[in-house]
Structures are given as structure tokens and as C-alpha cells.
Amino acid sequence: MNQKIALITGATAGIGYETALILAQNNYNLILTGRREERLDAIKQQIESDFGCEVFTLNFDIRKRTETEEALNSIPEKWKAIDVLINNAGLAAGLAPVNSADVDDWETMIDTNVKGLLYASRIITPWMIERQTGHIINISSIAGKEAYPNGSVYCGTKHAVEAISKAMRIELLPFGIKVTTIAPGAVETEFSLVRFRGDKDRADQVYKGFTPLSGKDIAETILFVLSRPAHVNIDNLLIMPTAQASARDFNRK
Ligand code: NDP
Ligand code: 8X3
């Protein structure tokens, strides 16, 4: 058994997947979650054979409270000693103004990015408190720092992640549990494909003319945050592509 256990929500793609790979190479056993079961199975097989660590997978929709609670509570005893919780599962659905956006998209973003993060944290934090140790990394966004037009609800959910994280940090302070928010700018993952409902041309436009961050860039940042000494906590970290200066300012060539 490797030394530590990390649970990553949304590990079937993008930042979560790259983080799984990098933690597997750095003495972590992994609990990986997501809705796409076949991807979880393939990733478990890949990581266990490439890196020799143990992987436990959980297939559930984090928007669904009962499903999430049942899945997380089903974690076997030896896996409950979770050192690191990475609340990563999330998405943007659509890009539209408040007067015409699809209300279902709003529900999806709020249920995933805010309520899902809370459901997972509610189950795992008592286990960390019992062991008086732990590190929670909440994946925020530049959208948690700034608001941009047509992104009111996505920005709202990521502002909520920032506020929830600040309060969590104070609440968990007496127990020695670290809380970190990582807020990336543009990262080329499946994010824009999901936002634009599979429209690849539109998704590609988002990253056109500049070099975006990769999932691996964020994974390496997460490893840096996790590998600080016990007395150091990186509280809040904004990471942007060199060619991006705000949510809306890009140096495109
Ligand atoms: P991807 O679309 O590549 O990955 C998203 C992950 O979230 C997938 O593993 C997906 O798994 C999981 N997920 C989404 N909805 C659910 C759900 N209802 N239940 C369970 N799992 C779910 O995007 P990213 O890797 O880019 O996104 C990861 C996080 O980073 C998100 O919180 C996003 O908001 C944030 N972020 C992304 C940025 C970017 O530019 N890409 C920038 C800043 C922040 P599955 O579909 O299998 O369920
Ligand atoms: C994803 C980055 O700029 O699309 O969180 O909000 S952005």
C-alpha cells in the first residue's frame, strides 16, 4: 500500500484525470469518481499497471444527494483514511445571458459545482476530523474571482466555491485540516466541449491563438500544494496562461 490516500471527484477527464496520474506517481493510492464507469475502469487498470498503486473507483452522479451519500459511505474501512479530498468535479453548461439562458443549465451547474462539492465534503470531513489530519483542495476558477457576461451562474457557482472554502478553512482550523482553493484560467480539457454540448469547432475557438494551460499544469500545481511541509498551507492560488490576464483579456496571435 502506498502511504497516502487521495479522493478525486471528476477523475474521468481533464484536470481530475491528470491529477490522478501525477498523484499515482507520488505515493498516493486513489479513490476516483465520475459518472462514466467504463472510463473509471480503464483508468484504474492503466494506473494500477503503470504505477503499481491501488485504485478504488466509485461511479455516481454528484448532483444526486442520496446517490452521492450512498456511494461515499460505501467506501471500505481501509480506504476511509482519506488524507486528501480534491473537489474537482464541475462544469459550465452554456454561455448565455440571464434573460435567455436555459434554466436547466443553471440547475446543472449549481447542483454539480456547489451542492456536489458540499455533499462530498459533508461525508469526508468527519473522517478527517476523527484522524485530526487532512487536506481539501477545492477547484475554483478565474470565474470565482471575476464575473463575465453570459457566465452569471457559472461565475456564481465558482464565487460560491471561494466563499465556502474560506469558511471551511476557519471551521476546520481547530483540527489541523488544510483547505486550499486553486483557481485556474483557461485550461484545455473537455470543459468547453461540455459547455457547448459537444460542438467541437466552438470549443476549439476558446483556445485559438494562444497556449492555454493543460490539465497537467494544474495537476503539477496540486502536487506542489500537497507537498508543502505540515506547517505550510497554500490558501488560495490563481493560475493563468501567460497569454491570459483576466477572464476576458487574451493575447491571441
Ligand atoms: P472536464 O470536462 O475535462 O472534466 C470534468 C470532470 O467532472 C469529469 O471527470 C466529469 O466526469 C466530472 N463531472 C462533471 N459532472 C459530474 C457529475 N454530475 N457527477 C460526477 N462527476 C461529474 O473539465 P475540467 O477538467 O476542465 O474541469 C474540472 C474542474 O476544473 C471543474 O470544476 C471546472 O469548473 C474547473 N475549471 C476548469 C477550467 C478550464 O478552463 N477547463 C478553468 C477553471 C476551473 P463524468 O462526466 O464522467 O461524470
Ligand atoms: C473555466 C474558465 O474563463 O471559462 O472555469 O470561466 S472560464
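Computed from a predicted structure; not experimentally measured. Read the numbers this way: they start at 1 and go in the same order the structure lists the ligands and their atoms. Just the heavy atoms: all of them, side chains too, but no hydrogens, waters or symmetry mates, feed the values below.
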A.B. asks: If we only consider heavy atoms of Lys158, is any one of them less than 4.0 Å away from an atom in ligand 2?
C.D. replies: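 No, Lys158 has no heavy atom closer than 4.0 Å to ligand 2.
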A.B. asks: Identify the closest protein heavy atom to atom 17 (C) of ligand 1: which residue and atom is it, and at what distance?
C.D. replies: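 Result: Arg35 NE, 3.4 Å.
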A.B. asks: Taking atom CZ of Arg63 and atom CG of Asn113, what is their separation to the nearest 0.5 Å?
C.D. replies: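 These two atoms lie 10.5 Å from each other.
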A.B. asks: What residue and heavy atom of the protein are closest to atom 3 (O) of ligand 2, and at what distance?
C.D. replies: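 Scanning the protein heavy atoms, the shortest distance from atom 3 (O) of ligand 2 goes to Ile142 CG2, 3.6 Å.
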A.B. asks: Determine whether Phe196 and Val194 fall in the same hydrophobic cluster, where Ile, Leu, Val, Met, Phe, Trp and Tyr are linked whenever their side-chain heavy atoms lie under 4.5 Å apart.
C.D. replies: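 No; Val194 is not reachable from Phe196 via cluster members.
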A.B. asks: List ligand 1 atoms under 4.0 Å from Phe60, heavy atoms only on the residue side.
C.D. replies: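 So the answer, numbered in order with elements, is 19 (N), 20 (C).
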A.B. asks: Looking at ligand 1, does any of its N/O atoms fall within less than 3.5 Å of an N/O of Gly34?
C.D. replies: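 N/O-N/O distance under 3.5 Å: no.
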A.B. asks: Do any nitrogen or oxygen atoms of Glu188 lie less than 3.5 angstrom from nitrogen or oxygen atoms of ligand 1?
C.D. replies: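 No; the residue has no nitrogen or oxygen that sits under 3.5 Å from a nitrogen or oxygen of the ligand.
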A.B. asks: Are any of the N/O atoms in Gln244 less than 3.5 Å from those in ligand 2?
C.D. replies: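 The answer is no, given that Gln244 and ligand 2 share no N or O pair closer than 3.5 Å.
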A.B. asks: Counting from 1, what ligand 2 atoms have a heavy atom of Tyr154 closer than 4.0 Å?
C.D. replies: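 So the atoms of ligand 2 that pass are 1 (C), 5 (O), 6 (O).
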A.B. asks: Taking only Lys NZ, Arg NE, NH1 and NH2, and the carboxylate oxygens of Asp or Glu, determine whether Arg197 and Asp105 approach each other closer than 4.0 Å.
C.D. replies: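 Answer for the salt bridge query: yes.
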A.B. asks: Tell me, please: is Lys158 in heavy-atom contact with ligand 1, that is, under 4.0 Å?
C.D. replies: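 Yes, that is the case, since the closest heavy atom of the residue is under 4.0 Å from the ligand.
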A.B. asks: So which protein heavy atom does atom 25 (O) of ligand 1 come closest to, and at what separation?
C.D. replies: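 Going atom by atom, the protein heavy atom closest to atom 25 (O) of ligand 1 ends up being Ile15 N, 2.8 Å.
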A.B. asks: For atom 27 (O) of ligand 1, state which one of Ala219, Pro241, Gly90, Gly14 supplies the nearest heavy atom.
C.D. replies: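 It is Gly90 whose heavy atom sits nearest to atom 27 (O) of ligand 1.
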A.B. asks: Against heavy atoms of Ala143, which atoms of ligand 2 measure under 4.0 Å?
C.D. replies: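 Atoms satisfying the 4.0 Å criterion: 6 (O).
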A.B. asks: Of all the atoms in ligand 1, which lie at a distance below 4.0 Å from a heavy atom belonging to Arg63?
C.D. replies: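 What qualifies from ligand 1 is 18 (N).
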A.B. asks: What residue and atom, counting heavy atoms only, is the protein's closest point to atom 42 (C) of ligand 1, and at what distance?
C.D. replies: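 Result for atom 42 (C) of ligand 1: Gly185 O, 3.1 Å.
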A.B. asks: Do the charged groups of Lys200 and Asp204 touch, with an N to O distance under 4.0 Å?
C.D. replies: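 Here Lys200 pairs with Asp204 in a salt bridge, since their nearest N and O are under 4.0 Å apart.
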A.B. asks: Under 3.5 Å, is there a donor-acceptor pair between the Tyr17 and Glu190 side chains?
C.D. replies: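 Short answer, no.
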A.B. asks: By number and element, which atoms of ligand 1 are closer than 4.0 Å to a non-hydrogen atom of Ala186?
C.D. replies: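 Near Ala186, the atoms of ligand 1 are 40 (O).
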A.B. asks: Are Phe210 and Ile142 connected in the hydrophobic side-chain network, where two residues link if heavy atoms are under 4.5 Å apart?
C.D. replies: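 Looking at the clustering, Ile142 is in a separate group from Phe210.
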A.B. asks: Give the numbers and elements of all ligand 1 atoms closer than 4.0 Å to a heavy atom of Ala11.
C.D. replies: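 Heavy-atom distances to Ala11 below 4.0 Å select 9 (O).
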A.B. asks: Quiz question: by atom type and distance under 3.5 Å, do the side chains of Ser192 and Tyr207 form a donor-acceptor pair?
C.D. replies: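 Yes, side-chain donor-acceptor contact under 3.5 Å.
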A.B. asks: Please tell me whether Ile139 and Tyr119 are part of a single hydrophobic cluster in this structure, the criterion being side-chain heavy atoms less than 4.5 Å apart.
C.D. replies: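 Result: no, two separate clusters.
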A.B. asks: Let me have the donor-acceptor pairs involving side chains of residues 161-173, under 3.5 Å, with sequence neighbours excluded, atom names and distances please.
C.D. replies:
from: Glu162; atom 1: OE1; to: Lys145; atom 2: NZ; distance (Å): 3.1
from: Glu162; atom 1: OE1; to: Asn236; atom 2: ND2; distance (Å): 2.9
from: Glu162; atom 1: OE2; to: Ser140; atom 2: OG; distance (Å): 2.6
from: Glu162; atom 1: OE2; to: Lys145; atom 2: NZ; distance (Å): 3.4
from: Ser165; atom 1: OG; to: Asn138; atom 2: ND2; distance (Å): 2.9
from: Ser165; atom 1: OG; to: Val161; atom 2: O; distance (Å): 2.5
from: Arg169; atom 1: NE; to: Asp235; atom 2: OD2; distance (Å): 2.7

A.B. asks: Tell me: protein heavy atom nearest atom 19 (N) of ligand 1, and distance?
C.D. replies: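 Minimum-distance protein heavy atom for atom 19 (N) of ligand 1 reads Ile62 N, 2.9 Å.
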A.B. asks: To which of Leu58, Asn88, Ile139 does the heavy atom nearest atom 32 (O) of ligand 1 belong?
C.D. replies: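 Nearest heavy atom to atom 32 (O) of ligand 1 lies in Asn88.
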A.B. asks: Taking atom OG1 of Thr68 and atom CG of Leu118, what is their separation to the nearest 0.5 Å?
C.D. replies: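 Rounded to the nearest 0.5 Å, the OG1-CG separation comes out at 11.5 Å.
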A.B. asks: Identify the closest protein heavy atom to atom 1 (C) of ligand 2: which residue and atom is it, and at what distance?
C.D. replies: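 The closest one turns out to be Phe191 CZ, 3.4 Å.
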A.B. asks: Is the number of heavy atoms from other residues, nucleotides or ligands within 6.0 Å of CZ (Arg131) greater than 12?
C.D. replies: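 Counting other residues, nucleotides and ligands, CZ of Arg131 exceeds 12 neighbours.
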A.B. asks: Do Lys115 and Glu107 meet the salt-bridge criterion of a basic N to acidic O distance under 4.0 Å?
C.D. replies: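 The answer is no: the pair does not qualify as a salt bridge.
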A.B. asks: Do Leu213 and Phe224 share a hydrophobic cluster (ILVMFWY, side-chain heavy atoms under 4.5 Å, transitive)?
C.D. replies: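 Yes, it is one cluster - the side chains of Leu213 and Phe224 are joined through contacts under 4.5 Å.
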A.B. asks: To the nearest 0.1 Å, how far is atom 43 (C) of ligand 1 from its closest protein heavy atom, and which atom is that?
C.D. replies: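 Going by distance alone, atom 43 (C) of ligand 1 is nearest to Pro184 O, 3.2 Å.
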A.B. asks: Hey, which atoms in ligand 1 end up nearer than 4.0 Å to a heavy atom of Asp61?
C.D. replies: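 Taking each heavy atom of Asp61 in turn, ligand 1 has 17 (C), 18 (N), 19 (N) under 4.0 Å.
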A.B. asks: Nearest protein heavy-atom contact for atom 2 (C) of ligand 2: which residue, which atom, what distance?
C.D. replies: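 Result: Ser141 OG, 3.7 Å.
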A.B. asks: Do Asn87 and Ser121 get their side chains close enough for a donor-acceptor pair, meaning under 3.5 Å?
C.D. replies: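 Present: a donor and an acceptor within the cut-off.
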A.B. asks: Which ligand 1 atoms are under 4.0 Å away from a heavy-atom of Ser141?
C.D. replies: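 Counting from 1, the qualifying ligand atoms are 43 (C), 44 (C).
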A.B. asks: Compare Thr157, Val187, Asn113 and give the one whose heavy atom is closest to atom 41 (N) of ligand 1.
C.D. replies: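 Of the listed residues, Val187 has the closest heavy atom.
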A.B. asks: Out of all atoms in ligand 1, which are within 4.0 Å of some heavy atom of Ser140? Include the element for each.
C.D. replies: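 Going through ligand 1 atom by atom, the ones under 4.0 Å from Ser140 are 43 (C), 44 (C).
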A.B. asks: Please state which protein non-hydrogen atom is closest to atom 10 (C) of ligand 1 and give its distance, to 0.1 Å?
C.D. replies: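 For atom 10 (C) of ligand 1, the nearest protein heavy atom is Thr12 OG1, 3.8 Å.
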A.B. asks: Is Lys64 atom NZ crowded by more than 12 heavy atoms from other residues, nucleotides or ligands, each under 6.0 Å away?
C.D. replies: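 Not buried by this count: 12 neighbours or fewer within 6.0 Å.
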A.B. asks: Among all the protein's non-hydrogen atoms, which is closest to atom 33 (C) of ligand 1, and how far away is it?
C.D. replies: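 Result for atom 33 (C) of ligand 1: Tyr154 OH, 3.7 Å.
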A.B. asks: When the ring centroid of Phe51 is compared with that of Tyr28, is the distance short of 6.0 Å?
C.D. replies: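 No, the ring of Phe51 stays outside the 6.0 Å limit from the ring of Tyr28, centre to centre.
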A.B. asks: Distance to 0.1 Å, residue and atom name: give those for the protein heavy atom nearest to atom 6 (O) of ligand 2.
C.D. replies: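 So the nearest neighbour among protein heavy atoms is Tyr148 OH, 2.7 Å.
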A.B. asks: Could you find the nearest protein heavy atom to atom 3 (O) of ligand 1 and give me its residue, atom name and distance?
C.D. replies: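 Of the protein heavy atoms, Glu190 N, 3.1 Å lies nearest.
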A.B. asks: Is there a side-chain contact between Glu54 and Lys44, using heavy atoms and a 4.5 Å cut-off?
C.D. replies: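 Sidechains of Lys44 and Glu54: no contact.
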A.B. asks: Distance under 4.0 Å to a non-hydrogen atom of Arg195: what atoms of ligand 2 satisfy this?
C.D. replies: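 Answer for ligand 2: 4 (O).
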